[in-house]
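Data first, discussion second: the structure below is written as structure tokens.
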Amino acid sequence: MNESKTAPEARKKICLILYCSSHHQNTETLVKKAAAQLSDIAVMPLSENCLPELSRYELIGLASGIYMGRPHASMQSFLEAHQKELKGRRVFTLLTSGANQKKYGTAFSSLLEGYGCTVLGNYQCKGFDTFGPWKLIGGIAKGHPDTSDIAGAQAFLRGILRTQA
């Protein structure tokens, strides 16, 4: 007998990280490298033209560079446009910034909580920054995110995934 074998169904990813990264691709580098070996995570640039069905994922990661103290404008627009879909969702953040001030993560988490999200945690690290006055001195946080930043983000993501086990 010749029985046809079907391929096993692809394993569903439990986590989606949406990211904005426009200045020096600091956030993109951090997210892609940190998630590269974690099979439960899908990574996607934030684009209004191509958004996945958020309800397919148990966890949503929101990653952005910080611009003048705030997440990228496209991230803020996304949050406003998708408030209903995000309400009640479990989320976490990943942020990069030249100054790496902890208040950025706290402010972003508060914003998400205001949209009805449950924030599981925040990871942030330095990112090379030549915006505004930093351009005059050649930038700050050169070489970041570095291997230590990426390892820290990967450990953070593993911890977030363990909350689902």
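Counting from 1, the numbers follow the sequence of the chain as shown. As a basis for the values below, the full set of heavy atoms in this structure was taken, side chains included, without hydrogen atoms, waters or symmetry mates.
A single hydrophobic cluster is seen to contain both V43 and L161, as judged by linkage of ILVMFWY side chains at heavy-atom distances under 4.5 Å, directly or through other members. Both L95 and L86 belong to a common hydrophobic cluster when Ile, Leu, Val, Met, Phe, Trp and Tyr are linked at side-chain heavy-atom distances under 4.5 angstrom.
Between I66 and P71, the closest heavy-atom pair is CD1-N, 3.9 Å. For F156 against G121, the heavy-atom pair with the smallest separation is CZ-C, 3.6 Å. In terms of heavy-atom proximity, G98 sits nearest to D129 at CA-CB, 3.7 Å. The heavy-atom pair separating A153 from L94 by the smallest distance is CB-CD2, 4.3 Å. Across every non-hydrogen atom of D149 and Y123, the tightest pair is O-OH, 2.7 Å. Residue L157 comes nearest to A34 through the heavy atom pair CD1-CB, 3.9 Å, listed as atom of the first residue, atom of the second, then distance.
Between S109 and N122, the side chains place no donor N or O within less than 3.5 Å of an acceptor N or O (distance only, hydrogens not considered). For the residue pair S64 and T27, no side-chain donor N or O sits within less than 3.5 Å of a side-chain acceptor on the partner.
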Decide yes or no on side chain to side chain contact (heavy atoms under 4.5 Å, CB included) for S22 and Y67, but give the supporting numbers first. CA-CA 10 Å; S22 65; Y67 303 86; 3.3 Å; yes
Verify side chain to side chain contact (heavy atoms under 4.5 Å, CB included) between L120 and V91, making sure each step is shown before the conclusion. CA-CA 6 Å; L120 301 176; V91 302; over 6 Å; no
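For the side chain to side chain contact (heavy atoms under 4.5 Å, CB included) with Y19, the qualifying choice from M44, E28, H72 is E28, the only one to do so. The side chain to side chain contact (heavy atoms under 4.5 Å, CB included) test with F108 singles out one residue from M75, K103, R70, Q76, and that residue is M75.
Here the CG-CG distance, from D40 to L59, works out to 9.5 Å after rounding to the nearest 0.5 Å. Atom NZ of K13 is separated from atom CD1 of I17 by 11.0 Å, given to the nearest 0.5 angstrom.
In this structure a side-chain-to-backbone donor-acceptor pair under 3.5 Å is missing from Y104 to T96. With hydrogens and angles disregarded, no donor-acceptor distance shorter than 3.5 Å links the side chain of R89 to the backbone of V119. Looking at E80, its side chain never comes within 3.5 Å of a backbone N or O of S77 through a donor-acceptor pair. Q25 contributes a side-chain N or O that, together with a main-chain N or O of S21, makes up a donor-acceptor pair within less than 3.5 Å.
Aromatic rings of F128 and H144 (six-membered ring for Trp) have centroids beyond the 6.0 Å cut-off, not under it.
Residues K84 and K87 have side chains not in contact (no heavy-atom distance under 4.5 Å, counting atoms from C-beta outward). L18 places a side-chain heavy atom less than 4.5 Å from the side chain of L54. A heavy-atom distance below 4.5 Å is not found between the side chains of F78 and C20. In this structure the side chain of Q154 reaches within 4.5 angstrom of the side chain of Q37, judged on heavy atoms. The shortest distance between side-chain heavy atoms of C15 and I160 does not fall below 4.5 Å.
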